[in-house]
Amino acid sequence: MKKTFYITTPIYYANDKPHIGHAYTTVLADVINRYQKLFGHECFFLTGTDEHGQKVQQAAKKRNISEKQHVDEYHQRFKDMWQLLGIQYDHFIRTTDKEHIQFVQNALQELYEKDQIYSQNYQGWYSVGEERFFAEDELVDGKDPISGRTVEWLEEKNYFFKMSIYQDKLIEHIQKNPDFILPEFRKNEVLGFLKKPLQDLCISRPKSRLKWGIALPFDDKFVTYVWFDALLNYQSGVYNRSFKNGEKIWPADYHILGKDILTTHCVYWPTMLMGMERELPRHFLAHGWWLMQDKKMSKTDGNVVNPLDYIQKYGADKVRYFLMREMTIGQDASFTDELFVSRTNTDLANDLGNAINRVNKFVHAHFDGVLPAPTSASDNQVLIQAAQHCIGETEQEIRNMKLSVAIKSVIVLIRAVNKFIDNNAPWKILQMIKSNPDCDPKHKEKLADILYCAAEALRLALSLLYPVIPQKSLQGLSMLGIGKAPDISDIAWGILAGGESLQKGEGLFPRIEVNKSKKQLKNSRPGELDPIARLDFRVVEIENVENHPDADGLYVLVINDGEHKRTVCAGLKNSYTADELRNKKAVLFSNLKPARLRGIVSNGMLLAADMPEEKAQLIDPGSIPTGSQLQFGQIDVVAKKNASLKDFQKISLLVKDEKIYYNKNLLHFQNTPVKATAPDGAGVH
Ligand code: MSP
């Protein structure tokens, strides 16, 4: 069997910030990749950003900055989001990378020399919005049929790739390789498209119209069409790399993509490769769209879900789980708050979290936290069989790329464990043993077996869910006495031996109480909620610093809070020069009621540790991404819109071991502590 695996995501336009649709594609690729690793393959996972073309040129122009500045900033948003979502890519490619540009120019030159590219004068109706020409009969009411915008008649020279000559070869390849394009109905869609004569592909744009692109090596008055440039990333991102065993990485095993970019991937890309006589990728997997109110989520329609909101509120693993479980690959799915809450509450809190807590708590209460060894498994064939069935089914469904079905089969196993515990009622057996210490030793054996089998089935379930919920899976495994990430050898029955110490754990997946948090916000009475929960602390970046025109001690800062820019007046002149503050990251008390300070409205307050000589040292959030909401210990933030300075003065924040505490609660973001290089006991204000 082949031991290596290469998977890609589309490269995302660097003119947008990542929304849940982008997050879905990337999590999907990550989960598939992690399953391959779990099953013992050596893997390579490529993602990145698409940084040339009209969209980026326009976005940069709108912001009045250079294209390079724009993409340098925007590609980082994707990297930050992937870090938050636990995406383990091997390489992040940017199409503005020098190596990629060179690779694209070499490919163009090669095709040109092989007589695969020719130039021609072209006339047609051009739509600026869609960046392409339309034929007269494609127009709707004389307008662009896709965006509905006006079109203009253009006549210009361009370069064309002889795509049409590969039409028959491509049809034959698709027919001979029925799983080249998945799911099957997408394959049929592509074959349908190929019934019409295939046109040659215009691969250039005159520089007079578009400057931001890769110059054609044989005519520098033109730049390369952005899709021709972008598709080549799948090869350029790996061409000078190899797997550890020395094997080359290309061809890709799976290109993951949304159905919106089916033709560019399944028609343009294979024909480009045929033109260069290179190997074709093995599979394309096209998924559906996340919808909001029955419409595709997209920036243009303004109906996007920001993954950050969900990650901050519920943690990355719940987001990953929901995305993978809720969407059948290929179909569309709706994203709603209600579905998110009910799906994660049912599967993760009620089923998985509950089962692990039951076993862990019982073993702690009655066996000093040490898992009993099995003695005779004869009574428990039910669970062993359910586990074996689950292994077979998940492996098969993952191979067929039916991830939601695979996950469901693990949930079925977990439900069987809960039922098994209910049916066998270990607490009753325990009571009987306690009330009659001389009872038949078989009862003790049975009790041990019940706990062992439940723990073993849950260990297996957590191992099979590791690619989907990596952090929580490890946490759950430690509650079952396992201290390492699972590998192929763990996908079997009988790995726990008994005798393992089970680590105590807080509820693995606390239920999301839908109405409670809303109620708390509305009718909170003093004393009901920890006062710190009302304060919203966020990681921000200082973008600009000026002197306050009317107050000697104050700076006026422009601060990026991850969503917006805001003005904050800060009394930091004694501690920092303006240059030292520029581009510095900091922590902002962000829901402080805005206040006018000598004529300038200040929106929030930066946190700083008290230092000698009345100096202040800004709190350093390190690598925690801008926009992240911080938390003290396990206290969930239920911030109201405006908190007062009095609310802040009621609480006391202190530095200890270079970390910040509220009572015993550490300030952190997803377990990464916020740093304060101030002496122990320093206050934070
Ligand atoms: N830059 C091109 C791809 C070039 S690949 C050589 C592009 N970028 S994109 O930023 O628009 O993102 C494309 C991908 O994001 C889609 O193919 C899809 O995988 C994902 N999604 C964007 N919106 C989506 C939804 N509403 N739902 C699900 N995924 C969607 O196209």
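Order of appearance sets the numbers: ligands from 1, and atoms from 1 within every ligand. Everything numeric here is computed off the predicted structure, so don't read it as measured data. All values below come from the heavy atoms of this structure, side chains included, with hydrogens, waters and symmetry mates left out.
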Give every pair formed by an N or O atom of ligand 1 and a protein N or O atom closer than 3.5 Å, one pair per line with both atom names and the distance to 0.1 Å, or write none.
from, atom 1, to, atom 2, distance (Å)
ligand 1, 1 (N), Ile11, O, 2.8
ligand 1, 1 (N), Asp50, OD2, 2.7
ligand 1, 10 (O), Tyr13, N, 3.1
ligand 1, 17 (O), Gly258, N, 3.0
ligand 1, 17 (O), Asp260, OD1, 3.2
ligand 1, 19 (O), Thr25, OG1, 2.7
ligand 1, 19 (O), Gly258, N, 3.1
ligand 1, 19 (O), His287, NE2, 3.2
ligand 1, 26 (N), Trp290, O, 3.2
ligand 1, 26 (N), Met297, O, 3.1
ligand 1, 27 (N), Trp290, N, 2.8
ligand 1, 29 (N), Gly21, O, 3.3

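Ile214 has its side chain within reach of His100: a pair of non-hydrogen atoms, C-beta onward, lies under 4.5 Å apart.
Salt bridge Lys157/Asp219: present, at least one basic N to carboxylate O contact under 4.0 Å. Between Lys55 and Asp50, none of the side-chain N atoms (NZ, or NE/NH1/NH2) sits under 4.0 Å from a carboxylate O, so this pair counts as no salt bridge.
Ring centroids of Phe228 and Tyr159 are separated by 6.0 Å or more, keeping the two rings apart.
Relative orientation of the Tyr314 and Tyr310 rings is tilted, given thresholds of 30° and 60° on the angle between their planes.
Under the 6.0 Å distance and 45° angle rule, Arg209 counts as a cation-pi partner of Tyr126.
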